[in-house]
Amino acid sequence: MKIGFTTVTFREKNLEELVEIAARSGAAGMEWGGDVHVAPGDLETARRAAELTRQAGLEVLSYGSYYRTDDPEGEGFLPVLESAKALGVKLIRVWAGEKAPGQAEDSYRERVAASARAIADMAKPYGITVAFEYHRNTLTQDAGSALALLEAVGRENVKCYWQPNPDITLEENRAELAKMLPYLCCVHVFHWTGANIRHPLAEGEKDWQGYLAEIAGKGQVNCVLEFCKDDDDSQFIADIGTLREWLLPKAVFLSTAGAENNLERVFSPEVRGKLRQVVNLREEPILPEALEENRAVLREARFAFSTWGMPSLTKEQIEEYLPKLETVFYGAGSVQMFARPFLEQGIGVHSAWGANAVPVAEYTLAQILLANKGFFQSVRRFKEEDRGRAARYAGTFPGNYRVKVGILGAGMIGSLVCKLLGDYHVDILLYDPFASDEKVAGLGAVRASLEEVFEQCQTISNHIANNPQTQGMLDYRLFSRMKPNAVFLNTGRGAQVVEADLVRALKEGPGRTAVLDVTEPEPPVYGHEFYALPNVLLTPHIAGSSGNEVERMGAFMAEECRRKLAGLACSYEVSLSMLETMA
């Protein structure tokens with residue numbers, strides 16, 4: 001269910017003003033009206049409206065045309081259809097003639113039905129649905145007449161809107177809505193009383209909670225605000241807020257003190273705009289020391305979003321302050337520091353490890369390609385000796401054709417590195433005792449032992465999951481097997497390396513090189529031999545998401561949330577068993 005508004009609410013505003021107020025209100029999208037703002041056939045304006053809408057992070061939900069279906073040939077509909085295509089919509093609102101049911105003879109009803117069939121057939125090749133406005137003084141004034149018309153039309157891409165009729169009671173309106181559910185695609189939302197007197201939407205809560213209960217769980221039915229008291233901007237924004245409060249699940253940002261800036265970086269304005277379309281998000285982050293003062297907000301939260309700086313809450317804190325929490329969406333990689341208490345209570349945890357894997361894999365690919373060309377050793381020799389000697393030495397390296405590359409670990413990052421290497425003519429030796437034969441083959445790799453990887457590969461890249469079982473597993477027994485000019489890359493975790501053993505192997509083979517983006521601890525302690533060895537390159541943990549790349553993690557989690565709410569399969573959910581092998 002998406003929350004939008006129809007631009008006929010503010011007929012005096014221009015396109016830019018309409019988009020600005022829609023974005024400011026937290027609406028998910030817009031129904032552009034054909035009476036003033038996007039006239040049928042004015043394709044330039046339609047394209048500009050569509051572009052402005054999308055630039056604001058909003059969706060064009062529908063085209064509110066004022067086409068009257070009373071021409072059996074559908075003449076005059078082509079400009080409407082062309083404008084809808086230019087807007088990029090899949091739904092066109094039309095009117096069911098211009099006669100109330102009691103005034104329409106059978107021939108007129110058939111005329112309207114024939115017109116609807118004609119325009120539906122025109123729209124179908126473009127995947128567009130046409131839907132009748134549910135309005136007084138048309139053949140969709142009441143459910144009986146509307147259903148008879150829809151059945152007479154007999155087209156799958158003909159649906160109907162619904163809106164309350166101020167002239168009948170709440171019970172009668174609910175009964176009408178219930179009958180229309182099989183054809184319902186959109187609801188026009190407003191709160192009017194008799195004589196068409198407009199009121200703040202919040203004053204109609206009793207009525208609208210009943211209407212919304214009728215459509216709950218009935219598929220994709222958009223709720224589009226139409227009209228507000230006094231045509232006032234602030235009232236419109238308040239009404240959209242009311243609708244969001246009624247319809248969208250509550251969500252919060254969680255952070256520790258000093259880490260709030262990470263939320264700003266990861267969940268950019270664009271990402272937050274996408275989140276506001278599907279959840280009612282409390283923008284200000286809640287810190288662990290402020291749980292009590294935010295008890296009322298936390299109590300209603302179904303979703304929590306965080307990134308680096310996610311609080312490590314206890315089971316007792318979760319039970320007391322977050323009783324309705326369903327899912328944590330973590331816009332970063334490893335969840336080891338906080339996930340277990342949530343998972344043990346049946347609360348889902350989704351991580352952006354897939355997004356974080358992208359820059360790490362890209363960084364690793366770049367280092368592998370450079371290493372196979374002798375880049376790191378040549379840079380050093382150029383400075384220490386001269387260009388000629390450096391060039392001759394570089395010529396002893398195999399390059400990136402028919403060379404063996406070792407990948408340790410076939411998790412998200414290791415697998416992505418293998419896939420990226422698939423564009424090059426290299427032989428991948430993969431170590432991962434947990435990967436199936438089918439997975440190894442699918443990655444274009446050959447299964448190998450640790451000993452085989454270190455003995456045979458020109459470049460070795462570590463992506464093994466970090467856990468007690470893997471700590472210290474890369475030792476002198478392996479490093480001493482490296483080729484005289486091999487390169488060891490580590491973007492995984494420093495704890496897996498016995499650093500003293502790596503130093504020893506590098507001293508014994510000064511042509512070997514270690515490119516270390518991670519160490520244990522980070523950074524190495526003052527005076528560590530890594531600083532002095534010329535064949536060690538240290539980088540400050542830059543392989544992961546940085547700069548603009550961090551926004552990808554927020555975008556992944558916004559999409560994950562959208563998919564979960566839509567009942568679609570999610571890609572990045574973490575389980576308790578996965579914690580045993582994940583980084």
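Owing to the predicted nature of the structure, the values given are computational and were not obtained by experimental measurement.
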Are the charged groups of [X] and [Y] less than 4.0 angstrom apart, N to O?
X: D121; Y: R155; answer: yes
X: K2; Y: E59; answer: yes
X: E326; Y: K564; answer: no
X: E320; Y: R299; answer: no
X: E171; Y: R174; answer: no
X: R48; Y: E51; answer: no
X: R68; Y: E133; answer: no

Does any non-hydrogen side-chain atom of [Y] lie less than 4.5 Å from one of [X]?
X: S83; Y: L43; answer: yes
X: P341; Y: L313; answer: no
X: F342; Y: K315; answer: no
X: R93; Y: T6; answer: yes
X: S115; Y: Y67; answer: yes
X: V189; Y: Q163; answer: no

query = If only atom types and distance count, is the side chain of Q141 paired as donor or acceptor with the main-chain N or O of N137 below 3.5 Å?
reply = yes
message = Quick check against the 3.5 Å criterion: does T307 have a side-chain atom that pairs as donor or acceptor with the backbone of N262?
response = no
Between [X] and [Y], does any side-chain donor sit less than 3.5 Å from a side-chain acceptor?
X: E245; Y: N280; answer: yes
X: T53; Y: W32; answer: yes
X: D207; Y: Q209; answer: no
X: R282; Y: N294; answer: yes
X: E172; Y: T169; answer: yes

ask   = When P101 is tested against each of T138, L149, D142 for side chain to side chain contact (heavy atoms under 4.5 Å, CB included), which residue passes?
value = D142
A cation-pi test, strictly: NZ or CZ of [X] under 6.0 Å from the centre of the six-membered ring of [Y] and no more than 45 degrees from its axis. Yes or no?
X: K85; Y: Y126; answer: yes
X: K99; Y: Y108; answer: yes
X: R563; Y: Y572; answer: no

task = Output the distance between atom CG (D239) and atom CZ (R244), rounded to the nearest 0.5 Å.
result = 13.5 Å
remark   = Taken to the nearest 0.5 Å, the spacing of H191 NE2 from C228 SG works out to 13.5 Å
